[in-house]
> 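The structure under discussion is supplied below as structure tokens; questions concerning it will follow.
Just so you know, ligand 1 is whichever comes first in the structure, and atom 1 is the first atom listed for that ligand.
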Amino acid sequence: MASSWLTSALSGASRHPKRPEHSYSYGTAGFRTKADILEPVLYRVGLLAVLRSKAVKGSTIGVMITASHNPEADNGVKVVEPMGDMLLAQWETYATSLANAREDDLESVLQDIISKENIDMEQSANVFVARDTRPSSVSLAEVLIEGIQSLSGQYVNYGLLSTPQLHYMVRCHNTQGSYGKSTETGYYEKLTNAFTKLRQKNGGNGKGSYSNQILLDGANGVGALKVEQLKEHLKGQLDIIVNNDGSKGKLNEECGADYVKIQQRPPPEMDVKPETKCVSFDGDADRIVYFYMGKGGKFKLLDGDKIATLIAGYIQELLTEAGIQLTLGLIQTAYANGSSTHYATKMLNVPIACTRTGVKHLHHKAQEFEVGVYFEANGHGTVLFSPSVIPKLDDVCQDKSLSAGKKEAATKLRLLVDLINETVGDAISDLLVVETILYQKQWNIEEWNSSYTDLPNRQLKVKVKDRAVIQTTDAERKTTSPAGLQSAIDELVAQYNKARSFVRPSGTEDVVRVYAEADTQIAADELAAKVGVKVHELAQGVGDPPSLPS
Ligand code: NG1
Ligand code: ZN
């Protein structure tokens, strides 16, 4: 006779049948597709989250319902590990098998996970649930909860949260509050307490051109709502004006960090005056970019690379002032602008590591340093501090033999640790970190932007029959297949100044991405197009090859 949990799980699944024509894959950003085909996936993710919680002896697991920067009609779901990290690779495979299992195979897929992971089905389980502002997220959360309950899991439904807020809640809960209180108020209090203290310490002589005014593009998403709550705790220290707050426009439509970065222009809804400091979040507030309209109405973007170098440089300065030796590293991907890499190595003296695209690769690499700053150029990033860091900072703060200056620098670093959401890139936390540093330096956005000048660059997409024929090595900076492609790219790159180019298959779209940078925009455009043509030629391109700029 089937166990009662199995009967309950299977009967629930029959209420949310999976259609044979749909297939799903748990990618680096979880499951993500059209919202109207996600119901069976959500139910099965409910089952998976309970199994994961049981497998980690009842520690709390998080499930976030969002499709981040995708259009409003899409949705998605991602699972958060007990310390707030992303789901383990082995469990991504289980998630994909569960989501795709035919109804009559579901039992064997569940049994397989239980036996491979040696799961005690008597163990209790707990899941934290949250969602973004997509209309479809409400009913999808209900289906997810049905899945959790069918395996007798306990759950807390937080309703609307940003993705990083959920990661934070999960970590706080599993570390018995040592990371902070697992409530939304606890989140704002932790960040704003650290922010306020740092602001007092940094003094800000008011002589520079720093302005506390920020025009925020909330992507018509959850970040806009959460910033309004943050403002109550900031008590006027920042003057944040929220645009695209969801009251009229659609989520991510002509707004949001992805739109601003790709279109290289402000959202049309925003009335951006010259030199005004602007910020754009994505739909679930785990990405942030800054921008402004410079002289002559020229759009200027300060992306993840600019934020990362600002933060790494600040940490480097404080470590030097405090006389503390820690290994500090900046982790980038091949998409990082060559100027940012040059600036970090030559001017800041911060070592660089390059990983494959996808935040989990950056996150893992960052763990190899005592202080690891990681950012994707598109604005997703944070800082990781190894467990050895806080005791080292505390020692300096308490050492009476040391100078006041050293102790002060160590205290600022200690506060910075509290200001950063280490679990995942967090637009709100990153905003507070950037504003702290700009205030200390008394910089306006133009002064920050002039720390280095981005090399002109271009990204293209090429459609090919099977993008898997493109194989890469060296953190995706070189191709090993198809034959002849890398030597063709090398020859093209050699014809331009300060040039670099690479191609890789996208992990989220059925395209090959081409990146090129060079000393002028014309050269970058031409190089990208020529490399695109080579990809089209050597990797069985579909449709027309990219056209060369006229
Ligand atoms: P793909 O489609 O693999 O290039 C994109 C972004 C990544 C990352 C993922 C996940 C670029 C060039 N790529 O990946 O940085 O954010 O989506 O959402 O921006
Ligand atoms: Zn996002």
Side-chain angles (χ1 to χ4, degrees), residues 25-33 64-72 74-78 80 86 92 130-134 137 161-167 218-224 226 251-252 255-263 280-289 301 303-305 308 331-337 354-363 374-382 421 423-430 457-463 467-468 470 472 475-477 501-517 528:
S25 162
Y26 194 102
T28 42
F31 292 109
R32 201 181 285 191
T33 182
M64 180 72 198
I65 301 171
T66 181
S68 185
H69 56 276
N70 284 38
E72 190 168 279
D74 291 359
N75 216 328
V77 58
K78 33 193 180 189
V80 180
M86 280 158 281
E92 289 183 0
R131 62 178 162 87
D132 71 8
T133 55
R134 286 177 163 77
S137 293
L161 285 183
S162 71
T163 293
Q165 284 179 325
L166 178 71
H167 284 248
N220 288 319
V222 66
K226 298 309 174 189
L251 181 71
N252 298 325
C255 60
D258 211 50
Y259 173 89
V260 167
K261 177 149 173 77
I262 289 170
Q263 301 295 323
S280 223
F281 285 5
D282 75 339
D284 60 340
D286 61 357
R287 277 199 205 177
I288 177 172
V289 293
L301 182 77
D303 63 1
D305 301 337
I331 296 88
Q332 303 186 313
T333 71
Y335 290 101
N337 194 278
C354 184
T355 71
R356 292 167 56 201
T357 306
V359 282
K360 77 174 167 197
H361 301 297
L362 290 109
H363 192 95
Y374 75 83
F375 265 86
E376 288 196 308
N378 61 28
H380 184 115
T382 187
N421 183 350
T423 60
V424 73
D426 182 337
I428 289 182
S429 158
D430 291 339
N457 57 87
R458 177 65 60 203
Q459 274 196 52
L460 289 182
K461 297 178 195 182
V462 181
K463 270 205 158 291
R467 69 193 199 278
I470 305 278
T472 65
E476 302 174 324
R477 289 173 291 192
S501 180
F502 66 92
V503 307
R504 55 175 280 280
S506 158
T508 61
E509 274 182 74
D510 189 13
V511 294
V512 177
R513 293 197 198 284
V514 175
Y515 178 90
E517 64 184 31

> Among all protein heavy atoms in this structure, tell me which lies nearest to atom 4 (O) of ligand 1, with the distance rounded to 0.1 Å.
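Going by distance alone, atom 4 (O) of ligand 1 is nearest to R513 NE, 2.7 Å.
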> Evaluate side-chain contact (heavy atoms from CB on, under 4.5 Å) for T382 paired with D426, printing each intermediate quantity in order.
CA-CA 7 Å; T382 187; D426 182 337; over 6 Å; no
> Show, in sequence, the C-alpha distance, side-chain angles and deciding distance for R32 and D74, and conclude whether the salt bridge (Lys or Arg N to Asp or Glu O under 4.0 Å) test is met.
CA-CA 7 Å; R32 201 181 285 191; D74 291 359; over 6 Å; no
> Taking only residues two or more places apart in sequence, or in another chain, which ones meet R504 in a salt bridge (Lys or Arg N to Asp or Glu O under 4.0 Å)?
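Partners of R504 under the salt bridge (Lys or Arg N to Asp or Glu O under 4.0 Å) test: E476.
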> Under 2.8 Å from the Zn ion (ligand 2), which protein N, O or S atoms do you find? Ignore water molecules.
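Near the Zn ion (ligand 2), below 2.8 Å, one finds S68 OG, D282 OD2, D284 OD1, D286 OD1.
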> Give me the nearest non-hydrogen protein atom to atom 8 (C) of ligand 1 as residue plus atom name, then the distance to 0.1 Å.
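The closest heavy atom on the protein side is E376 OE1, 3.4 Å.
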> Has H380 got any heavy atom lying under 4.0 angstrom from an atom of ligand 1?
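It does not, in that no heavy atom of H380 comes within the 4.0 Å cut-off of ligand 1.
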> What is the nearest protein non-hydrogen atom to atom 10 (C) of ligand 1, stated with its residue, atom name and distance?
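The closest one turns out to be T508 CG2, 4.1 Å.
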> With a cut-off of 4.0 Å, which atoms of ligand 1 are near a heavy atom of T357?
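Listed by number with element, the hits are 7 (C), 15 (O).
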> What protein heavy atom lies closest to atom 18 (O) of ligand 1? Include the residue and the distance to one decimal.
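Result for atom 18 (O) of ligand 1: H69 CE1, 3.9 Å.
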> Tell me whether the rings of Y374 and H380 are parallel (<30°), tilted (30 to 60°) or perpendicular (>60°).
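Parallel.
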> Among all protein heavy atoms, pick out the one at the shortest distance from atom 11 (C) of ligand 1; state its residue, atom name and that distance to 0.1 Å.
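The protein heavy atom lying closest is N378 ND2, 4.3 Å.
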> With heavy atoms of R504 as the reference, note each atom of ligand 1 found under 4.0 Å away.
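In order of numbering, the contacting atoms are 1 (P), 3 (O), 4 (O).
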